[in-house]
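Here is the structure we will look at, set down as structure tokens.
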Amino acid sequence: MKWLSKTYVAAVMLFLYAPIGVLIFFSFNESKSRANFTGFTLDWYQKLFSNEMILQSLLNTLIVALVSSVIATVLGTMAAVGVNSLRKGPKALVMNLNNLPIVNPEIVTGVSLMLLFVMFKELMGRVGMNFEFGFTTLILAHVSFSVPYVLLNVLPKLRQMDIFVYEAALDLGCSPSQAFFRVVLPEIMPGILAGFLMALTYSIDDFVISYFVSGPTSQTLPITIYSMTRRKVSPEINALSTIIFAVVLLVLLLVNFHGARQERLQRRKGGAAA
Amino acid sequence: MKSKYSALPYYVWMALFTIAPLILVLVFAFTDNNGAFTIENISQVGEYTNVLVRSVWLAAVATVICLLIAYPLAYIMSRLGPSKQRTMVMLIMLPMWMNFLLRTYAWMTILENNGLLNRFFGLFGVGPFDMINTQGAVVLGMVYNYLPFMILPLYTIMVKIDNRVIEAAQDLGASPLKVASSVVLPLSVPGISTGITMVFVPAVSTFIISRMLGGGGNLLIGDLIDLQFLGNAYNPHLGSAISLVLMVIILLCMSVMNQFGEEEEREGMLI
């Protein structure tokens with residue numbers, strides 16, 4: 001039984017990782033072939049780093065991700081504070097609307113935003129002003145699909161918080177804004193950070209929505225990857241995949257080690273208190 | 001805290017960028033180029049019934065395969081020690097963090113006519129097989145991309161199943177099959193329904209997987225929508241009508257699934 005389950009886990013892992021392994025393996029392949037390994041080379045990496053289009057789209061991705069997730073975090077945190085003080089009925093309504101972009105298929109969100117921006121462009125054209133698809137539309141779209149996740153992360157933290165702590169701060173002479181920034185904000189910070197990170201990763205990874213709302217000058221990395229896959233042979237993709245995989249692996253390992261250490265510390269503290 | 005008003009900017013944002021766009025889709029679906037009311041767009045969707053059926057069918061097949069693969073795996077994971085569990089969750093999530101275009105591209109290179117798999121078959125003197133540009137390839141792409149979405153919710157639910165409950169059933173003489181069907185399965189129903197929604201919704205609305213692995217002959221709903229908005233067939237009215245139909249299909253699926261699952265299970269599994 002033991003070896004059966006071990007084999008099963010191994011088989012699923014093979015299924016999950018074999019394709020990625022193939023990409024990584026062939027990123028070092030001398031010839032353009034995706035089936036014959038003719039010799040070791042780092043040429044594709046060199047080509048990748050001198051590829052103006054890829055570097056530019058990487059920069060675009062980072063700009064859009066940072067700007068949109070900062071806006072989304074501020075907007076979402078403010079919203080969470082407001083929603084938290086709502087009564088049950090209105091709160092349920094707001095939360096349902098909030099979940100709309102999460103449950104809606106991405107392609108529908110994408111085309112609906114595209115329709116909105118096309119309409120806006122026409123309206124602007126009518127009064128003689130120019131409005132093009134580009135960074136503005138991308139950032140607006142990314143904020144829209146990120147805020148719901150920030151709200152979902154911050155709200156539970158607010159709910160868990162002891163309301164009397166805030167009131168005690170007021171009694172001790174804090175102004176409401178002082179009480180918020182010095183007492184409430186540190187308390188809900190983990191939720192805000194988690195929301196921010198989620199917004200950041202969703203934004204970096206997003207293809208479908210960006211595909212519909214980006215302009216010719218604001219290609220993000222996933223869009224560039226898409227146009228690369230449309231051309232039949234482009235071994236630079238393999239190199240790019242390898243780098244992305246390495247980065248993701250590194251980030252996950254760091255987060256995991258950090259999490260494990262935090263947990264151990266917590267347990268030690270808990271043990272000491274008991 | 002009396003701070004209801006701090007949510008106002010978000011309400012305005014939602015109204016502008018979530019609700020207004022969806023209303024636009026609705027309006028476009030029921031109007032023609034001159035803005036007059038019509039149901040022609042909706043009835044035109046009927047011409048694409050075969051595409052709709054194919055999308056739902058392929059997505060359903062992929063969902064079932066995901067469930068069959070993920071269920072035993074999630075159970076095995078949930079019975080491991082804490083540190084092993086953490087490693088496993090990380091291993092499942094790692095491929096998810098790679099852009100899905102790259103993951104799908106990987107399968108393109110494997111399934112090609114002179115790709116890796118056909119070379120491998122060639123060693124034994126069989127093939128080459130036509131694997132890319134088939135419905136099977138599309139299903140494979142869906143399963144590969146969305147399998148973690150099935151494993152993780154199942155795992156989160158199964159971790160909560162107390163080992164002692166299973167042991168009690170065994171002590172009372174239940175066979176392994178009986179334990180699985182009468183104890184583990186009923187307790188994991190919320191995870192199953194969340195997993196099904198999380199796989200079916202993206203699978204039925206994809207347009208990249210079908211384009212990259214299905215060739216031109218296996219269009220799905222998503223491809224149709226894309227064609228109406230960014231393709232040569234530019235017709236946002238028909239595109240909106242198809243989007244509306246897609247939303248209805250998904251709403252139906254979700255309302256069926258919500259009969260089984262509890263909403264509570266949503267949080268926590270988003271990361």
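Both backbone and side-chain heavy atoms feed into the values below; hydrogens, waters and symmetry mates do not. Throughout, a chain's letter reflects where its sequence line sits, starting with A, and its residues are numbered from 1. It should be emphasised that the depicted structure is a prediction, and the values quoted were computed from it without experimental measurement.
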Handout entry: Side-chain donor/acceptor of B/Ser6 to backbone N/O of A/Met78, under 3.5 Å
Key = yes
Handout entry: Portion of A/Val255 that has a non-hydrogen atom of chain B nearer than 4.5 angstrom
Key = neither
Problem - Segment of A/Leu23 engaging chain B (4.5 angstrom heavy-atom cut-off) - result: side chain
Problem - Donor-acceptor pair between A/Ser144 and B/Trp13 side chains, under 3.5 angstrom - result: yes
Problem - Contacting moiety of B/Phe120, where chain A heavy atoms sit under 4.5 Å - result: neither
Fill in the blank from the handout: Cut-off 4.5 Å, heavy atoms of chain A, and the answer for B/Leu147 is side chain
Practice task
State the CG-CD1 distance between A/Leu97 and B/Ile19, to the nearest 0.5 angstrom.
Solution key: 4.5 Å
Exercise for the section: Quick one: pull up OG in A/Ser241 and OH in B/Tyr105 and give me the separation to the nearest 0.5 Å. Expected result: 8.0 Å
Handout entry: Minimal non-hydrogen separation, B/Ser243 against A/Val111, with atom names
Key = OG-CG2, 3.7 Å
Problem - Per-residue contact mode, B/Ile23 against chain A (heavy atom under 4.5 angstrom) - result: neither
Practice task
Look at A/Val248, A/Thr77, A/Val251 and state which one has the largest set of heavy-atom pairs under 4.5 Å with chain B.
Solution key: A/Val248
Handout entry: Rounded distance (nearest 0.5 Å) linking atom CG of B/Leu22 with atom CG of A/Leu100
Key = 5.5 Å
Handout entry: Interchain contact, A/Pro176 with chain B, by part (heavy-atom threshold 4.5 Å)
Key = neither
Practice task
Sort B/Met14 into side chain, backbone, both or neither according to what part of it lies under 4.5 angstrom from a heavy atom of chain A.
Solution key: side chain
Handout entry: Which portion of B/Leu8 sits near chain A, non-hydrogen atoms under 4.5 angstrom
Key = neither
Handout entry: Residue selection (most heavy-atom pairs with chain A, distance under 4.5 Å) from B/Asp226, B/Ile225, B/Val25
Key = B/Asp226
Handout entry: Portion of A/Val9 that has a non-hydrogen atom of chain B nearer than 4.5 angstrom
Key = both
Exercise for the section: For B/Tyr10 and A/Leu151, indicate whether the former's side chain and the latter's backbone hold a donor-acceptor pair under 3.5 Å. Expected result: no
Handout entry: Part of B/Ser240 lying under 4.5 Å from any heavy atom of chain A
Key = side chain
Problem - From A/Thr229 atom OG1 to B/Met108 atom CE, the distance as rounded to the nearest 0.5 Å - result: 6.0 Å
Problem - Pairwise side-chain contact, A/Met114 with B/Leu230, heavy-atom cut-off 4.5 Å (strictly under) - result: yes
Exercise for the section: Kindly indicate whether the side chain of A/Ser112, heavy atoms from C-beta on, has any atom under 4.5 Å from the side chain of B/Leu24. Expected result: no
Practice task
Evaluate the side-chain proximity of A/Pro19 to B/Arg103: yes if any heavy-atom separation is below 4.5 Å, no if none is.
Solution key: no
Exercise for the section: Give a yes or no on whether B/Leu252 atom CG has more than 12 heavy-atom contacts from other residues, nucleotides or ligands under 6.0 Å away. Expected result: yes
Problem - Main-chain N/O of A/Asp205 paired to B/Asn99 side chain as donor or acceptor, under 3.5 Å - result: yes
Handout entry: Best-contacting candidate, B/Ile208, B/Val201, B/Ile92, against chain A by heavy atom pairs under 4.5 angstrom
Key = B/Ile208
Problem - Option that, when pairs with chain B are counted at under 4.5 Å, heavy atom only, ranks first among A/Val108, A/Leu115, A/Leu116 - result: A/Leu115
Completion exercise
If you tally heavy-atom pairs under 4.5 Å between each of A/Phe26, A/Phe245, A/Tyr211 and chain B, the highest tally belongs to A/Tyr211
Problem - Residue part contacting chain A, namely of B/Pro202, when any heavy atom lies under 4.5 Å - result: neither
Practice task
Classify the ring geometry between B/Tyr144 and A/Phe15 as parallel (under 30°), tilted (30 to 60°) or perpendicular (over 60°).
Solution key: perpendicular
Practice task
Check each atom of A/Leu140 against the heavy atoms of chain B and say whether the ones under 4.5 Å are side chain, backbone, both or neither.
Solution key: both
Practice task
Determine whether B/Pro95 and A/Ile20 make a side-chain contact, defined as any pair of heavy atoms from C-beta on separated by less than 4.5 Å.
Solution key: yes
Exercise for the section: Could you look at B/Leu102 and say if it's the side chain, the backbone, both or neither that has a heavy atom under 4.5 Å from chain A? Expected result: both
Practice task
Take atom NZ of A/Lys91 as the centre, draw a 6.0 Å sphere, and report whether it contains more than 12 heavy atoms from other residues, nucleotides or ligands.
Solution key: yes
Problem - Most chain B-contacting option - heavy-atom pairs closer than 4.5 Å, from A/Leu240, A/Leu252, A/Ile225, A/Thr201 - result: A/Leu252
Handout entry: Contact origin within A/Val22 toward chain B - heavy atom pairs under 4.5 Å
Key = side chain
Exercise for the section: Give a yes or no on whether A/Met119 atom CE has more than 12 heavy-atom contacts from other residues, nucleotides or ligands under 6.0 Å away. Expected result: no
Problem - Region of A/Leu221 that comes under 4.5 Å of a non-hydrogen atom in chain B - result: neither
Exercise for the section: Below 4.5 Å from any heavy atom of chain B, which atoms of A/Phe212 appear? Answer side chain, backbone, both or neither. Expected result: both
Exercise for the section: Among A/Tyr226, A/Tyr17, A/Phe145, single out the residue with the greatest number of heavy-atom pairs under 4.5 Å to chain B. Expected result: A/Tyr17
Exercise for the section: Counting only heavy atoms closer than 4.5 Å, note whether B/Ile76 contacts chain A via side chain, backbone, both or neither. Expected result: side chain
Problem - Side chain to side chain, A/Val143 and B/Phe17, heavy atoms closer than 4.5 Å - result: no
Fill in the blank from the handout: Turns out that what part of A/Ile107 lies under 4.5 Å from chain B's heavy atoms comes down to side chain
Problem - Contact check, side chains of A/Asn104 and B/Thr18, non-hydrogen atoms, under 4.5 Å - result: no
Exercise for the section: Select one option (side chain, backbone, both, neither) describing which atoms of B/Leu94 are under 4.5 Å from chain A's heavy atoms. Expected result: both
Problem - Contact check, side chains of B/Phe207 and A/Glu106, non-hydrogen atoms, under 4.5 Å - result: no
Problem - chain A contact via B/Ile110 - which portion, at a heavy-atom distance below 4.5 Å - result: side chain
Problem - Exam field: side chain A/Tyr8 to backbone B/Ile69, donor-acceptor pair closer than 3.5 Å - result: yes
Problem - Contact leader toward chain B among A/Leu86, A/Val147, A/Val83, A/Ile244, where contacts are heavy-atom pairs under 4.5 Å - result: A/Val147
